[in-house]
Amino acid sequence: MKKICAFLNCKEEGIYPAPRSREDITNYKFYCIKHIRDFNKSWNFFEGLTEEQFENEIRKSTTWDRPSWKFGTSNYNKKINDRINFLNDIEDKKVLKKKVDSKLLSSWNLLELNPTANIEEVKKKYKSLAKKWHPDKNLKLKDNASDMFVKITNAYKVIIKSFKSQSIDIN
Ligand SMILES: [Zn+2]
């Protein structure tokens with residue numbers, strides 16, 4: 001979907017991102033080329049600084065809380081995109097890690113083990129639980145038992161996999 005320039009009554013396509021405010025430069029509105037130029041003129045965050053002072057200010061800023069490029073230049077647009085991608089990456093990783101962690105934790109709980117247990121303890125525990133819940137040994141509780149059997153088997157797989165990924169991390 002095409003964005004329309006944010007300038008009042010302008011019908012041009014809004015291609016160039018500009019922050020809504022100094023306090024929140026991760027929130028953008030989009031302007032056409034003419035109006036991004038106007039925006040640049042009015043944006044004087046670094047007004048009065050030399051090019052060199054500019055660079056120094058930017059290097060000092062570890063959180064990227066200040067714009068270091070003129071809005072609408074390809075460099076600026078690229079940096080914005082990099083930043084957005086970077087933030088998305090972090091979010092994705094956080095979400096993924098949380099999912100993986102909670103899955104792993106519930107797996108340990110299912111096997112009635114502490115996450116500090118070693119791989120031999122896990123195997124031993126799984127064998128005893130698998131025996132206990134094997135559907136053939138639980139004719140009266142067949143459905144529940146096979147349900148439980150599948151659950152502990154999946155939990156076992158998740159835990160074994162986590163051991164393997166740990167050793168890959170270390171090596
Ligand atoms: Zn415009």
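Counting begins at 1 with the first residue of the sequence. One-based numbering, in listed order, for ligands and for the atoms of each.
Counting only protein atoms, the N, O or S atoms lying less than 2.8 Å from the Zn ion (ligand 1) are Cys5 SG, Cys10 SG, Cys32 SG, His35 ND1, ordered by chain and residue number.
Under the side chain to side chain contact (heavy atoms under 4.5 Å, CB included) rule, Val150 has a single partner from Asn154, Asp147, Ile152, which is Asn154.
The aromatic rings of Tyr126 and Tyr156 sit parallel, their planes meeting at an angle under 30°, below the 60° perpendicular limit.
Around atom NZ of Lys151, no more than 12 heavy atoms belonging to other residues, nucleotides or ligands sit under 6.0 Å away.
Using modelled atom types, no side-chain atom of Asn114 and backbone atom of Ala117 make a donor-acceptor pair closer than 3.5 Å.
Distance CG/Leu110 to CD1/Ile159: 8.5 Å, rounded to 0.5 Å.
Under 4.0 Å is where a charged nitrogen must lie from a carboxylate oxygen, and between Glu12 and Lys34 no such pair does.
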